[in-house]
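Just the heavy atoms: all of them, side chains too, but no hydrogens, waters or symmetry mates, feed the values below.
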Amino acid sequence: MYGNLNWMRQDLPWMGPLLPEMARLRDQMDRVFRRRTASAEHPPVNVWTNADGALVTAELPGIPADKLDISVSGSTLTLRGECPAPAEALGAAHRRERARGRFGRTLDFPFQIDSAKVEARCERGIVTIRLPRADSDKPRKITVSGA
Amino acid sequence: MSSTPNELSPDKSRKEVAPTPEGVERMETRAVYTPRVDIHENDQAITLIADLPGVDRSDVDIMLEKNTLTLRAKAVAKAPEGYSLAHGEYETGDFERSFTVSEDVDPDAIAAEVRDGVLTVTLPKRAPRTRRINIGG
């Protein structure tokens, strides 16, 4: 999600805590300039987050669950699939506006995903994927012992 | 956010806001989108396929008035509880679009179904009426 801001984590470690804020600012700017920055990426996704992980929703009308390939590796989610072409028996096409062909999308998250606990479901053409943050990646509270 | 290459054209991944008919004002602030459609025709029927992501079968309204077929659909918008939106590329709204239907469609035989957020409307053509005219003499 913080995609191209990740280099800052390595080169400018002190920027780390600012990354979410910077990503939010960039997303807001993107929305303002959507006309210019609108990408060809299909499917369109919304990304929701909380302390325990993220929830991704994607608009994929006409794609049954078994035709969608979802894979998770480390901090990356990949969605792949193919929009089914209308049956040839329906005859000649007068209009073709719907998405067709293969699509693929990769999303990067600023945390390790617990791949064993990923859940996905398709409902009314909307795919919802729950990506829990790996326990090993969660912030740990350290109790100070001593007198 | 990076992406692997895909074969779809750029305008395919964004929803288009539906135009407001002339002389009509919208009362709701919710966005109304033009659904993307495919229309096919063979000897028996015209088939209209519309993308309606987020729409339940019970929330689709199809009306045929004179020669105009109008689709209206309400999408279910549900923000996941306990989460906040970090990145948004689409919004949920309603769908609306009208089509002119030719006269050789049988209005009583129109059938529709919704599956996985896709509406399919089948408009069967009327059987051609042939009449033999005998020439007397």
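When every heavy atom of Y90(B) is checked against every heavy atom of T57(A), the shortest pair comes out as OH-OG1, 2.9 Å. Nearest heavy atom pair, residue P61(A) against residue G117(B), reads CB-O, 3.5 Å. Taking every heavy atom of both residues into account, G88(B) and N46(A) meet most closely at CA-OD1, 3.2 Å. Heavy atoms only, all atoms of each residue included: H40(B) and G91(A) are closest at ND1-O, 3.0 Å. Between Y83(B) and G53(A), the closest heavy-atom pair is CE2-O, 4.2 Å.
Linking ILVMFWY side-chain heavy atoms closer than 4.5 Å, directly or via other members, places I126(A) and V114(B) in two distinct hydrophobic clusters. Hydrophobic clustering keeps Y33(B) apart from L60(A) (ILVMFWY residues linked when any side-chain heavy atoms are closer than 4.5 Å, directly or through intermediates). Connection of I63(A) to L77(A) is established within a shared hydrophobic cluster, with ILVMFWY side chains joined at heavy-atom distances below 4.5 Å, either directly or through further cluster members. Both I62(B) and L64(B) belong to a common hydrophobic cluster when Ile, Leu, Val, Met, Phe, Trp and Tyr are linked at side-chain heavy-atom distances under 4.5 angstrom. In the hydrophobic clustering of ILVMFWY residues, with side-chain heavy atoms under 4.5 Å counting as a link, L71(B) and I49(B) come out apart.
Using a 4.5 Å cut-off between heavy atoms, V55(B) contacts chain A through its backbone alone, with no side-chain atom that close. Only the backbone of L52(B) comes within less than 4.5 Å of a heavy atom of chain A; no side-chain atom from C-beta onward does. In this structure, the portion of V76(B) lying under 4.5 Å from any heavy atom of chain A is its side chain and not its backbone. Residue A75(B): no heavy atom, backbone or side chain, is found under 4.5 Å from chain A. A89(A) touches chain B through its backbone: at least one of N, CA, C or O sits under 4.5 Å from a heavy atom, while the side chain does not.
To the nearest 0.5 Å, the span separating OG1 on T128(A) from NZ on K78(B) amounts to 8.5 Å. The CG atom of D38(B) lies 5.0 Å from the CZ atom of R100(A); values are rounded to the nearest 0.5 Å. In this structure, L90(A) CG and N42(B) CG are separated by 7.0 Å, a value rounded to the nearest 0.5 Å.
Between R97(B) and E97(A), at least one side-chain nitrogen of the basic residue sits less than 4.0 Å from a carboxylate oxygen of the acidic one, meeting the salt-bridge criterion. Taking a cutoff of 4.0 Å between a charged side-chain nitrogen and a carboxylate oxygen, E89(B) and R105(A) qualify as a salt bridge.
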R95(A) and V37(B): side-chain contact (heavy atoms from CB on, under 4.5 Å), yes or no, with the steps?
CA-CA 7 Å; R95(A) 249 165 226 260; V37(B) 302; 4.1 Å; yes
If you apply the rule side-chain contact (heavy atoms from CB on, under 4.5 Å), what do you find for T49(A) with S84(B), and how did you get there?
CA-CA 6 Å; T49(A) 54; S84(B) 56; 4.3 Å; yes
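Listed by chain and number, the residues in a salt bridge (Lys or Arg N to Asp or Glu O under 4.0 Å) with R130(A) amount to none (sequence neighbours excluded).
Of the listed residues (V118(B), T122(B), L48(B)), the greatest number of heavy-atom pairs within a distance under 4.5 Å of chain A belongs to V118(B).
Contacts classified as side chain to side chain donor-acceptor pair (under 3.5 Å) and involving residues 46-60 of chain B (residues at least two apart or in different chains) are given here: R98(A)-D51(B), R124(A)-D56(B).
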